[in-house]
Amino acid sequence: MTLWLLFILPLVSAALIHFVLKQNYAGLAAKIGTLFTFGTLVLAILWTREVFTIPASWTWISVGSFDVKIGFENDQLAKGMMIVVTGIGFLVHVFSLAYMEDDDAKARYFGNLSLFMFSMTGIVLAENFIMMFIFWELVGLSSYLLIGHWYKKDTAADAAKKAFLSNRIGDFGFLIGILMTWILAGSLVFSNMDGAAFISHGECLAGIAVLLVFCGAIGKSAQLPLHVWLPDAMEGPTPVSALIHAATMVAAGVYMMARFFGAIGLEALAAVPATQVIAWIGGITSLVAALMATQQNDIKKILAYSTLSQLGYMVMAVGLLNPNAGMFHLYTHAWFKALLFLGSGAVIYSCHHEQNIWKMGGLLKKMPITAVTFLIGTFALTAVPLFSGFFSKEAILHVAHEKNIYLFWVALVVAALTSFYMFRLIFVAFLGEPKDDHAKHATEVESRMFIPLMILAAMALASPFIGSLIPANNFTPDTTPHFNFLTGCSVVALLAGFALVLVFYKGKKEDPISIPLFRNKFYIDEIYAGIVKWFQDILAAVVHFLDEFIINGMLVGGFTRLAQGTGNIFRNHAQSGKLSHYALISGVGVLLAIYFTVFN
């Protein structure tokens with residue numbers, strides 16, 4: 001059995017749904033998409049058991065000495081990431097069978113999900129930067145299609161365009177970084193990159209290349225300043241948020257950087273100060289996003305800003321030259337954040353598509369399975385001891401404490417804020433009395449929804465202890481319970497956030513805290529809108545001047561007036577209508593004819 005089967009299966013599903021089943025067989029399309037995704041999960045599990053034979057690289061483009069190959073990675077980093085992609089992908093498909101059952105465009109939705117699965121499979125398996133970049137762009141297309149699934153809504157269409165354009169900005173720098181890496185490291189194949197040669201060109205040049213490659217992660221993993229697309233992407237169906245914007249697509253940037261850093265070598269990169277820039281971007285993103293989350297009222301946007309914050313943790317760990325710690329947190333975060341997003345989808349579905357937490361309340365009694373699984377996900381996210389997020393967050397805190405004490409304190413503040421905004425959500429949405437008729441009449445969702453929640457809840461507890469699935473090379477997680485200074489700091493941060501929620505939000509029917517700066521996301525979107533408008537107005541004025549005065553006035557208009565003036569001369573003098581003028585012209589013509597005939 002060859003690895004090509006794992007690679008091709010999602011593409012077959014996407015093609016079958018889009019070209020054969022899409023028009024008349026929506027129900028069958030949904031089942032086919034789910035079945036094929038289950039097949040990829042089974043194949044991914046078999047791959048971890050080393051059942052597959054790994055095919056040799058296939059030459060796609062060959063120009064002189066330059067070859068672009070299609071080939072597959074076969075290490076634990078790729079295997080673990082594939083389990084995350086296919087495992088969560090399958091559970092999202094199952095959840096979507098119920099959530100999207102009455103959607104008119106259900107077949108298109110499942111076809112685009114299959115296309116996304118194929119795109120992520122390509123990124124995970126890619127053995128070189130060219131292959132990765134191709135699938136990187138295909139993931140961007142898939143995300144655009146899924147975010148804009150309900151494209152007749154202006155907000156969904158605008159969100160899809162915003163995500164697409166934001167990622168294009170990052171990908172422009174990423175492409176330049178790939179070309180620079182090719183020049184400096186001598187190869188685009190990860191296993192053939194020469195870290196010593198990469199550094200030998202100087203710290204400055206190597207640092208520029210690293211930061212340009214990181215631009216791709218800034219876009220895909222929604223780091224400052226290109227983070228603005230992710231919260232708006234919540235306009236897509238909630239299962240899409242769970243798959244793309246919590247577990248897989250946004251994690252692709254972290255995976256790419258881990259792959260790149262491993263190829264160059266951590267010892268070589270230790271001499272590149274630019275890695276500290278990456279760490280600080282991650283830390284600042286984590287802090288700013290957590291502050292934004294504290295004042296959001298939309299249940300999905302709270303989780304979206306939480307995702308931004310946790311991605312900042314992962315990027316910070318990579319920048320501190322410990323990509324294994326970042327990938328460990330990526331792995332645990334994928335399961336419990338998918339749980340939280342699907343849990344929010346169940347809540348939204350049961351509350352007749354109400355997303356404002358201040359119109360919920362009392363859902364613990366109305367939806368006990370959803371509420372308990374959501375609480376387990378919250379415990380994992382807030383790093384309650386012995387839950388999955390506790391172990392992976394501790395790993396990052398240890399790295400930060402060892403390598404950058406300032407980022408360590410930033411990480412601790414973020415931990416306290418995470419506890420605050422998540423328990424705020426729990427108190428407002430799940431406890432107390434229902435605040436709206438939709439919440440009063442909410443009921444538990446059907447089994448196709450709550451079974452995936454239960455499986456994800458189990459992974460939110462057990463994932464750190466399944467070391468063979470963690471996407472990290474030469475890494476063994478520390479899952480032994482122990483108490484030390486760092487653990488004490490983490491627990492204090494957790495309790496501080498919970499205590500503040502207990503003081504301010506217990507029994508409240510409206511938000512007692514109002515911080516417009518956080519609620520309006522530091523006005524970053526408004527600043528961008530102003531910059532774009534200002535830039536467009538200036539550019540439009542310049543273009544108008546060039547068009548009206550230079551092109552139309554001097555060039556096109558000038559030649560027009562020259563032709564018109566020349567015509568007027570001949571019309572007024574040569575075609576005057578007077579016989580004497582015509583006789584004179586005829587005479588001159590006869591004389592010229594005689595002259596040229598005689599003297600030629």
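Note that the structure is predicted; figures quoted are calculated from it, not measured.
Ring orientation note: the planes of Tyr99 and His353 are nearly perpendicular, at an angle over 60° on the 30°/60° scale. A perpendicular orientation is assigned to the rings of Phe387 and Phe379, their planes being inclined by more than 60° (bins at 30° and 60°). Taking the six-membered ring for Trp and thresholds of 30 and 60 degrees, His149 and Tyr109 have ring planes more than 60 degrees apart, a perpendicular arrangement. Ring geometry for Phe328 versus Tyr331: interplanar angle under 30°, hence parallel rather than tilted (30 to 60°). Aromatic ring pairs are classed by plane angle as parallel below 30°, tilted from 30° to 60° and perpendicular above 60°; the pair Phe427 and Phe498 is perpendicular. In this pair, Phe135 and Phe7 present their aromatic rings perpendicular. The plane angle is above 60°, beyond the 30 to 60° band. The aromatic rings of Phe391 and Phe465 lie perpendicular to each other, with more than 60° between the two planes, well past the 30° mark. Ring pair His329/Tyr313 is perpendicular by interplanar angle, where above 60° counts as perpendicular and below 30° as parallel.
Under the 4.0 Å criterion applied to side-chain N and carboxylate O atoms, Arg259 and Asp75 are assigned as salt-bridge partners.
Under the salt bridge (charged side-chain N to carboxylate O under 4.0 Å, His left out) criterion, Arg424 pairs with Asp511, sequence neighbours left out. Taking the ring-ring contact (aromatic ring centres under 6.0 Å, His included) definition, one finds that Phe504 meets it with nothing, sequence neighbours left out. A search for salt bridge (charged side-chain N to carboxylate O under 4.0 Å, His left out) contacts involving Asp103 returns nothing, not counting sequence neighbours. Every residue two or more places apart in sequence or in another chain was checked for a salt bridge (charged side-chain N to carboxylate O under 4.0 Å, His left out) with Asp298, and none qualifies.
The local environment of NZ in Lys153 is crowded, with over 12 non-hydrogen atoms from other residues, nucleotides or ligands closer than 6.0 Å. Within a 6.0 Å radius of NZ in Lys508, other residues, nucleotides and ligands contribute more than 12 heavy atoms. Surrounding CZ of Phe475 are more than 12 heavy atoms belonging to other residues, nucleotides or ligands, all under 6.0 Å away.
Taking all atoms of both residues into account, the shortest heavy-atom contact from Met360 to Glu354 is CE-O, 3.4 Å. The shortest non-hydrogen separation linking Ser221 to Leu311 is O-CD1, 3.3 Å. The two residues Ser388 and Ala460 come nearest to each other via the heavy atoms OG-O, 2.7 Å.
Thr382 and Thr418 share no donor-acceptor pair across their side chains, judged by distance under 3.5 Å alone.
Taken to the nearest 0.5 Å, the OH atom of Tyr421 stands 10.0 Å off from the OG1 atom of Thr378. Separation of atoms CD (Glu137) and CG (Asn167) is listed at 8.0 Å; rounding is to 0.5 Å. To the nearest 0.5 Å, atoms CE (Met120) and OG1 (Thr40) are separated by 12.0 Å. Separation of atoms CZ (Arg448) and CD (Glu101) is listed at 4.5 Å; rounding is to 0.5 Å.
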Identify all side-chain donor-acceptor contacts of residues 449-459 below 3.5 Å with residues at least two apart in sequence or on another chain.
none

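A cation-pi geometry, defined here as NZ or CZ lying under 6.0 Å from the six-membered ring centre and within 45° of its normal, holds between Arg168 and Phe164.
Each side-chain hydrogen bond (donor to acceptor under 3.5 Å, both in side chains) pair with one or both residues in residues 77-90, not counting sequence neighbours, would appear here, but there are none.
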